[in-house]
Each structure stands twice: as structure tokens, then as C-alpha cells.
Amino acid sequence: MGYEFGKIEKKWQKFWKENKTFKAYNKSEKPKYYVLDMFPYPSGAGLHVGHPLGYIASDIYARYKRHQGFNVLHPMGYDAYGLPAEQYAIQTGTHPEVTTNKNIEKYRHQLDRIGFSYDWDREVRTCDPKYYKWTQWTFIQLFKSWYNKDIDRAEPIEQLIKEFEKNGNLYIHAACDEVESFSAQEWKAKTEKEQQETLMHYRLAYLADTVVNWCPALGTVLANDEVKDGFSERGGHPVEKKLMKQWSLRITAYAQRLLDGLDKVDWTDNVKEIQRNWIGRSEGAMVSFGLSRYGEVETPPQPSPGGREQEPRYYNTDARTWKALKENVKDLRKNPTDAEKLLWEKLRRNQTGHYIRRQHAIGSYIVDFVCLKKKTIIEIDGKIHKYQKKEDKERTAVLQEKGFTVIRFSNQEVFEDIDKVVEKIKSFLDNKIDEEEISSEEHSTESGKVLPPGEDLGGVNVFTTRPDTLFGATFMVLAPEHELIEKITTPDRKEEVEKYVTWAKNRSERERMTEVKTVTGVFTGAYAVNPLTGKEIPVWTADYVLSGYGTGAIMAVPAHDSRDFAFARHFNLPIIQVVVREGEEPTDPATWEESYDSKEGIMINSGFINGMTVSEAIWATIDKLEEMGIGYGKVNYRLRDAIFSRQRYWGEPFPIYYKNGMPYPLDESELPLELPPVDNYLPTEKGEPPLARAKNWKTKEGYPYETNTMPGFAGSSGYYLRYMDPWNDNEYFSKEANEYWRDVDLYLGGDEHATGHLIYSRFWNKFLFDLGLVCEDEPYKKLINQGKIQGRSSIVYRIQGTNKFVSYGLRKQYQTQALHVDINLVDNDVLDIEAFKKWRPEFHDAEFILEDGKYICGYEVEKMSKSKLNVQNPDDLIDKYGADTLRLYEMFLGPLEQDKPWDTKGIEGVFRFLKKLWRLYFDENDNLIVTDEKPTEQELKVLHKTIKKVRSDIERFSFNTGVSAFMICTNELTDLKCHKREILEPLAVLLAPYASHIAEEIWETLGHEGGISYVPYPEYNEKYLKEDTFAYPVSFNGKMRFKLELPVDMQKEEIEKKVIEAREAQKWIEGKTIRKIIVVPKRIINVVVS
RNA sequence: GCGGAUGUGGCGGAAUUGGUAGACGCGCCAGACUUAGGAUCUGGUGCCGCAAGGCGUGGGGGUUCGAGUCCCUUCAUCCGCACCA
């Protein structure tokens, strides 16, 4: 009979189920331990041998912890929303839920056969209304929250509204969109809709026009982590950028905390690095550059360096007002009236002999034209600017109070006789005395704007991580999408710039990525003023600058940035070296082959920072910029907010309805908002999401519900919390349950979730932490990423144009074509020719060229997939060898975290081991042969050596060496013909986490009741491991030559003597001098001779 | 380009702190038992060499009595991010 795994495994799986052996208790005196597997998406294909790898490892650990007296939470569930079921629904009309449930059943059956110790009573499915009620609930909380930077956590939105009513948004530091400042009065004056619109800029779940990754083939948007190289991760369809109104989660508010949290979790460096990279923190400075369209004018007036007194007096308003007026100025400049345009042509560029600016902000006004030197304002009447509702009279009075003279002309005058108007202005200005002094409070510099000379175009901010190189900035580059481009481009360059911008915008992401090395760009005709040197630098636009990062504009430092360098070389722009390697002399950048990008060196050609090191200079420059009010230190993140809408059917509906076009959350009592039936799973003709097809998709009051659904990561972001208390209908989870289970002690899953699930889930948890709902701010204490199991495909070689196949070793003699062959037709690389002929009709008459009478297949290690015919189904292996063998073999394959190819042939060895183990306990007739005889020292040593090894291997998740230890132990006990209870009973317990079924069977046969799962894990006793002697390896000059058995307590001097006397040593000593003898107790003896 | 990881027999892989390189398993070779073997058992198996011995952890250099392990350098493969300022 022997080892009947089939019978045994069935029996014990039934036992576990009936006795609820693996039930976890929310109240317990035992310490808790939470072991979690990343729950699977139940695909139609079922499990292949790669899927259970992590589950087996975590199961071993969970079982080990139970043996150690822990109350173990080890749950399983299903990430049930996903594209395949929906695609299938579109094709066949089958409701995705039907498909999903069918797949879940299949998964469950497969999982059950492997003998996992899950507490199945806690199963969750993300598509279950009882579950997604809480996904929706969390969304509502996000909607009702904002992020307060002052206390660095989320707060209820009511808090914010209260503050708005008190002080407007003047003292609010929030993680939010760009919002104009407003006072309490202004807040109160807003309509409800306006207030809602304003709040939307602060909410953690918000609706906004967003540039999204639109996938036309899938008909939905995708999150950044769902897009790989410009194609959708699922399906590989092209993805394009599109502006759409979408829900987003303000995950960027948590960027720093997500980064900091990584320091306190026990994860692999790899995943931590991926997350750090994804968050992409960089420190630097925001610098304001003034912009001007100086164009054809010879030399721009040079502001004298340094010295606040001599700074040009361009600011005639304070910073806050300027901020408020800025947009208006931009707008007005963009849309001048015809009269203004006409007059400007006559006034610009000193034509009158006086320097005149247009649309300049003075106080809270924007005046049409001004000559600052003469403190004279020229206004054109007879038009109503959108933003100027006040009476001109009042305006004049105020401006006069500030010391300005206002002269007015009507539109008509300008149109009828412009020369006369210009003449009047000229003579007025000619006769007016220069107003040298402008009252000091008018241009207090606390954070004023430096506006450059020339035609004033406002300013532009750039982000740089290298403010130290500001003196080396010789040009500026704007992203083609940058809003200023249109404004600043000179007429003569307009055509060229527009052509370029259009071209750049229409290039796909894909093209932009693949053509990284081509340098393209055009000059806009505008200039920016380097705020430290006062020098004008040309402004270009080029697509190597991304609109999505920083401000979409850069200062280019070609000497110290490789991309800027390439650009400067290509377009022949100046390159100034400002950093030199310590101890080296500056060289002519014209001779350089590449830029010097290093963050180390000494500053040169850089004014006040000359001689400083780079890091000193960075800080000095930031200080200076802040002091001058033209820049500040700034931390920038690459992380983007998570787009949360999907135009799909099979997902959680948003608990949102629309009133007057504004979204409102459902009352919590109305949750869950269940997914409605639809007649068709495609978008509507109008392009609305499938939910728009649902009948009566509106509230009782008739307000329409949101028709988008949530993305895949919504349901998986908080599932580990729901496992703690999955039966709770009133709460996500009870406070008690959360305070008991707290966080996941061990989390196992693939590292493909590093930028998706693992970031979103941490964000979700931190948000709930801010709400006081969860007690740990990091959800996953320890994370292990199991490696992927790759397929091992078998290859046959067909001679081209024939139906003749040549064996692997002889294939080079022919022109062959490599074909994948089903791995089930191949054993140990030998092809079953008869089976192959029957496999496909076209091979029925195939002929073969054999080697040694066999057809040997080649192999290829690649992804396990149906098309490669290399998928190994665990069910087949369980049928043939049993679950215990499968469990052991998956662990035996290699280190858990390493990718490794699957090769079924090795499984025999593990199977043999279990059979051999069985024979320690039973004879050929299945009679128990275990005796109560006292074990020998040697036997005890074998056992305790194994206990020590297996324990330490489990602790460090080295399961492959653990299996090997069991094999060694079994081999040694077999050699010793040991059948003693005192040895074999602990061995069964030791093995139980790995090969649970056979261990249970042995345990029961040995006379125990109630199962093995909670029997204390064996402890090793050092006294059995003690050795009296040690076989010292003796080496000469580091080469091991022979072994010498010596007592362990022998003194070094004695050992040296023994070594020299040893017979085998003579050969190596002969004719040589002994220089030195090194003795490391219980390790090695090394004799140095020469 | 940046970051992370990995290179050890025919194969999967051991070697926890610098101390016997190749544990354990597969495969292969030989033998035993068998009508048979794709069952079971026993022995062998890094490479070269009849042997003594020599050579061996991707390559080169170094530290050390001693290096797969530490340092420098270089190559290759895999993964992640990528014109991120």
C-alpha cells in the first residue's frame, strides 16, 4: 500500500473544515499574528503552479505561528472586479458577476486541494455589495475631507468651511489646487454652486478636468501605473492623453508621508526604491524669471548688479494684489481693444521719447498705459473691460491720490486722429518734470515682482534642483503645452512656433518616448531675465521639457545638464561653466564632449557664490532668492493624483449624485448603492459609460447618479481591514477588531503591485488613520515578494519545408524552424513521439531524426502562458503526487523571492522523500513500526540539528533549505534504521507546516487526537548538538589537504604540535619552512609554509 | 541615463559572522533485484589528468595566513523608472 496521499489529504481537509481548525478569534488571550496573501483576481484560466507559490510560503508561516501559540489571522478573498469578465460580458452578454462567481468557484476548488489553512469564514469579494458598501463609504469620507498642511493630516471639510466663514482662505495651508485668495466676505457672497466649486479644489476626492490616459480600445481612462510604455497594461492597447472631467484622489497630499513611512516598514529595498522613485521627491528652488519681448531692440538696459536701491522700479503694487491681478493683466494684454492696439503701436519702444508700459498694475487697478518716470497714466475710455466695473472718475481720484496724473482720450479721438493724440501725450510728457521718487510703500519689495525692461510680459516660474547653477543659465525652455507661449512669441516667429507646438502636441507619448535622442525646438523671440545676473536669455520651446512636471518651464544650464548641453550644442547657444571639479582649472566649454552634471565641485563665474561648494551654493542661492523675493526653496514630487473614474460597468458605482451640475455624496444610510443591471455592457452612442444605460439611475428625488465606476484598486485598497471584521454591517470594521489585529504582520505577494496597490493601499490606510479609524499608520509591517515562476517551454525542430523533425543535438545540421510543443508530451526533454503524432493532425505523418534512439527537445525559459504550451496545472500534479509533495516541491525550487523556472522533473525527488519518510513510521503492510526504545545520542543529534535548522530557516523564510534539512534528516534516520517515537514524533510536528496532511496522519496514527495544528513546535536542545571532537580541515597555504580529528577543547599549542606530527602533513612540510600556523577553534587549521 | 537585483557543476540551487566551495534534489554513469522498468535499492558523479597533482564561484586587480563572501575595476543578464529640470 504505502503512502496513500489521496486518501490522507481528503481526510484531513475534511477534518480541518469540519472542526474549523483555522478559525481566527477577534478576542483572544493569545498574541495576534496576521499573515496575508495578496488576494487574486479570479481569472477564467484558473491557477497555474506559479500562483500558489506565495500562498504556500505564507501558509507554512501561518501554521508555524499557530504551533508557536499565536492567534493567527490568515484569510483569503477575491479581487473580483476586473476587465476580463467585462470584456467577456461585452462579447457574450453574460453578466460579469456570473462569470466571476464561476471563476471564484474554480479557484476555491483548486485552493482547497492544496490544503491551505485559511479561515474561510472571513472570505471577502470586492464585488459583494456588503463589501463595496465600505469602499463607497470611504470614498464619501475622502470627498468630505481636505488636507490641512499645518497639522499634516486630513480633516473634515466642515472645519474648512468654518475657517472660510471666518477668514476666507487667507490663512489656510491646504494640499489643494491653485485657488485665488478670497476673504470671508467674498466666501459668503458666493452662491452655493460657487462655494461647492471652491470646496472641490480642496476635497481629497475631487472632480476636475484632468489630462488622463485615455485608452480608446478599452473605452476607459487608466491610472499611470496601468500604463506601460504608452500601452495599456491589460491588453496592450495604445493609450493617448485626453482632457476629461474625472474623479481623482488627492494622493499627492500624502506624498511626504508615503515616503517617510517607507523607513519604518520591513520591505525589500527593491520595492521601497520603486515607491521612492514613483513618489519622486526632489529638493530645489522655485525661481521667478521676468519675461520680455525685447525683440529687435539693440541692447536691453542693464540693471546694475546687486544693491536694492538700484533695482529697477517696476513694481507698483504689492505682491498679494499682483497675484490677484495677474490673471487679469494677462487677459487684458491678450485682448486689447482696437483703440489700444492702435495707440500702442505709436507709443511702444520709446517712439515718443518716453518709456511707456501698457496694462500695468498700480494699486488695485490696471491702467491702460503708464509712463512711470513721469508718473503719468494714459487711459482710453469708451470701452468696458470685463474686470473694470468701477467708475473711471473714482479711479482717477484714487490714482491721483497716489501721485499719478491721469490723461484721458476717447476711443473716437484715437480712431479719428491718432497722430494728434500721440502728439498731445508727447508734449504732456515732455513738459512734465521727472518724478524720481515713487513713494516707498508703493514698491515695497517684501515679495514684489521684478518686471523686466522691454515689453513687460509678466513672469514665469521655473523649478530647479540646481539653483546653484543659476549664473550658468543661458536660455530658458518652455514645454510646448505651456500657456505662456502664445503670449510671448514675437510676431515674426509666430508661424514657426505654432507649427512646432502643433507638431509636438500631436506626437504620441510613444513617439516622444522613443525619439528621446532627437533634439528639436524653436526660439519664441522672447527673452527672460536671469534674476541674478540681470542678463537676458532667449526663451525657447522644446518637447524635452514636460508640461506635467514642475512648472513646465526650465532654466537651461547647458554646462551642467546633459539635455541642456545637447540642446545648446544643436542650436549653438552659449554655454557657461559655473562649476569646476575641485582642484581643476575651468576649461572652454566649447571643447567639451559632454556636460559636467555632478553635484560636486566649486562655483565659478557666479557672483556672490564664487568659491563655494555646490551644496553650500544651493543653500546660499535659495537664501538670496528668498531675500530678494523672487524665489524660494521648494520640494517637488513626481507623484500625481490618482485618477479614480473608469468608464466601465464592472466596478463599484460612485455614491454620488448631481444637483445643478455639482456632485453631492449620498447619505451613508443609503449605502451600498448597488450596481444596476444594464442591457448592454458597452458605452452609449453618446459615449457615456455603460451605467448611463441603467434604468432609473437616479435618486428618489430624481437627481442623476454618477455613471462612472471606480477603478480596480478601489476595492483592494482596504481589504486587509475588512478581513478583521467581515461580518460587520454597521461599520467598515469595529474599533475593537482593529485594535486587536492592528496591521498585517506578514504580507506576501508579487512586486508588480509596487506602484499600484501598495501605494494606494498605504494612502487609504493613512487617510483612515487620520480619521482615527485605524490605529496603525502603515498597513503592512513586513512585505515579501515571491518571485515569479517562469515556464519552461519545450521546443521541437522541424526541417524547413518538410514534416521531418530533428532532435536537439543534431538540429544545427539543418535549416530548422523551432516550434513549441506541449510540455505534457515531453518527459525529461524526451519527446513522446506517438503522443506527438496524435496531438495534432498535421503531425500524424511526421518523421523524426533521432539521437541515441530518442528525440530530445530543446527548451526555453519564458513566461508561463497558454500560447507557449508550457502551463503546468497544479491539479494534475496533485492527482499524481499529492498536495504535500506539491507544497514541498514549490518550496524546494529555490529562494522564495527569486524568479525561477518551473521544471516538473524534480518533483519526483520530493515525492521519494515523502515515501522514504513514511517508511520510517510504517512497514510495507502499513503497520506502525514506531518503538518506544530510547534513542541514541546520534539519533538525538540528528533530530535536534534538524529542529534548529528548520526553525531558523522558517524564521528567515528560507523554505528551500528547510525542505533540504528534512531530506537530510530522513536520509540519516533511515541509515540509522531509527524508528523511535522520541525522535519521530517531534519530527512529524516539525514537518507539519510544510507537509500538513501526512503530518496529521502520522500524528493520529501515533495515538494523538484533535489534530496537529496547535501542538507546540519542537525546541532544540543544545546539549544534543555538542561534539567532543572536531574534524579539523588542515590546509597548507590556504589549500585544504586533509582532515584531522581532534578534541574540541584542545589548546592551540597542542593542536599545532599534532598537526606537524600528523602523517599526512609530512608530504607538505618536507623541505619547507613553517612560517606560521593559524588555528581557529572548531573551524580550521592553516599552515603557512614556504 | 538613474535606481534595484543577479552571475557558483549538464540543470534547480547550498555555503547565517572572511574559515572544508558545490549541501539537498534533478539528470547522468555503474551495479543489485526483476519477465520487464519510466518501480525500488546500492555506489559514483565540478573540470583536466592513468596518477601524483593542477584548475575552479562572469573577467581583471587588491586586502588577508585564508575571499563565492570584503575593497577597486570591468563585463553580462533581469527588473523598475525614465528627456523628472
Side-chain angles (χ1 to χ4, degrees), chain A residues 228-229 268-278 280-282 284 462-466 469 473 477 479 512-513 515-519 542-546 548-557 560-564 566-567 597 636-638 751-752 754-755 787-788 792 827-830 832 859 888-889 892-895 897-910 912-913 915-916 949 952-953 955-956 958 960-968 971 1031-1043 1067 1075-1080 1082-1089:
Chain A
K228 297 266 179 286
D229 301 327
T268 58
D269 289 342
N270 180 33
V271 174
K272 285 192 190 185
E273 272 310 303
I274 291 174
Q275 293 216 346
R276 287 197 185 104
N277 214 315
W278 190 257
R281 180 191 156 102
S282 48
V462 302
F463 175 73
T464 177
T465 54
R466 296 293 301 274
T469 61
V477 189
R512 255 175 103 152
M513 273 188 262
E515 293 168 28
V516 164
K517 274 160 202 98
T518 13
V519 177
D543 70 352
Y544 81 91
V545 175
L546 306 176
Y549 185 79
T551 62
I554 61 154
M555 61 174 219
V557 184
H560 305 287
D561 180 282
S562 54
R563 293 150 308 173
D564 298 342
F567 196 81
D597 293 9
N636 220 14
Y637 300 93
R638 201 186 69 100
D751 60 4
E752 68 271 18
T755 52
K788 276 180 268 302
R792 187 180 188 276
D827 187 29
N828 196 16
D829 289 342
V830 178
D832 181 338
Y859 72 90
L888 286 169
Y889 185 56
F892 188 59
L893 274 179
E897 302 193 44
Q898 197 174 295
D899 287 355
K900 50 214 171 253
W902 177 270
D903 190 351
T904 304
K905 68 188 179 194
I907 199 170
E908 297 275 354
V910 173
R912 260 174 234 150
F913 151 70
K915 286 191 285 190
K916 195 166 179 178
K949 175 77 177 148
S952 85
D953 282 349
E955 295 284 357
R956 54 196 184 99
S958 177
N960 54 331
T961 51
V963 175
S964 148
F966 285 121
M967 289 174 170
I968 294 167
N971 290 344
Y1032 277 96
V1034 181
S1035 30
F1036 291 83
N1037 292 343
K1039 294 241 176 267
M1040 211 282 284
R1041 297 302 179 185
F1042 63 91
K1043 281 186 189 168
K1067 185 171 163 190
R1075 297 269 171 221
K1076 203 172 180 183
I1077 301 178
I1078 286 129
V1079 177
V1080 184
K1082 289 187 79 177
R1083 285 268 188 222
I1084 199 170
I1085 299 163
N1086 189 19
V1087 185
V1088 185
V1089 295

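Residue numbering restarts at 1 for every chain, and letters A, B, ... go by the order of the sequence lines. These values consider heavy atoms only, across backbone and side chains, with no hydrogens, waters or symmetry-generated copies. All figures in this text were calculated on a predicted structure; none of them were measured in a lab.
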When all nucleic acid strands are considered with a 4.0 Å heavy-atom cut-off, which category describes A:I1078: base, sugar-phosphate, or nothing? base
Protein-nucleotide distance (A:R466, atom CZ; B:rC83, atom C1'), rounded to Å: 17 Å
Would one find a side-chain N or O of A:K1076 under 4.0 angstrom from OP1 or OP2 of B:rC65? yes
For A:R792, is there an ion pair with A:D829 - N to carboxylate O distance below 4.0 angstrom? yes
For A:F567 and B:rA85, what is the distance between atoms CZ and C1' respectively, to the nearest whole Å? 14 Å
Could you check B:rG43 for me: syn (within 90° of 0) or anti? anti
Base, sugar-phosphate alone, or nothing: which one does A:V1080 contact when heavy atoms must sit under 4.0 Å apart? base
Which part of the nucleic acid, if any, lies within reach of A:K1043 when heavy atoms closer than 4.0 Å are counted: base, sugar-phosphate only, or nothing? base
Would you kindly check whether a donor in the side chain of A:R1083 faces an acceptor in the base of B:rU17, or vice versa, at under 3.5 angstrom? yes
In whole Å, I'd like the distance from the CG atom of A:L546 to the P atom of B:rA85. 10 Å
A:N1086 side chain to A:G1038 backbone, donor-acceptor under 3.5 Å: yes
Would you mind classifying the nucleic acid contact of A:R281 as base, sugar-phosphate or nothing, using non-hydrogen atoms under 4.0 angstrom? nothing
A:K1082 backbone acceptor or donor facing A:Y1032 side chain under 3.5 Å: yes
When you measure only distances, ignoring hydrogens and angles, does the side chain of A:N1086 come within 3.5 Å of the base of B:rC65 through a donor and an acceptor? yes
In B/S/- notation (B base, S sugar-phosphate only, - none; protein heavy atoms under 4.0 Å), nucleotides 23-30 of chain B written 5' to 3' is BBSSSS--
Sugar-phosphate only, base, or nothing, as touched by A:K915 at under 4.0 Å among non-hydrogen atoms: sugar-phosphate
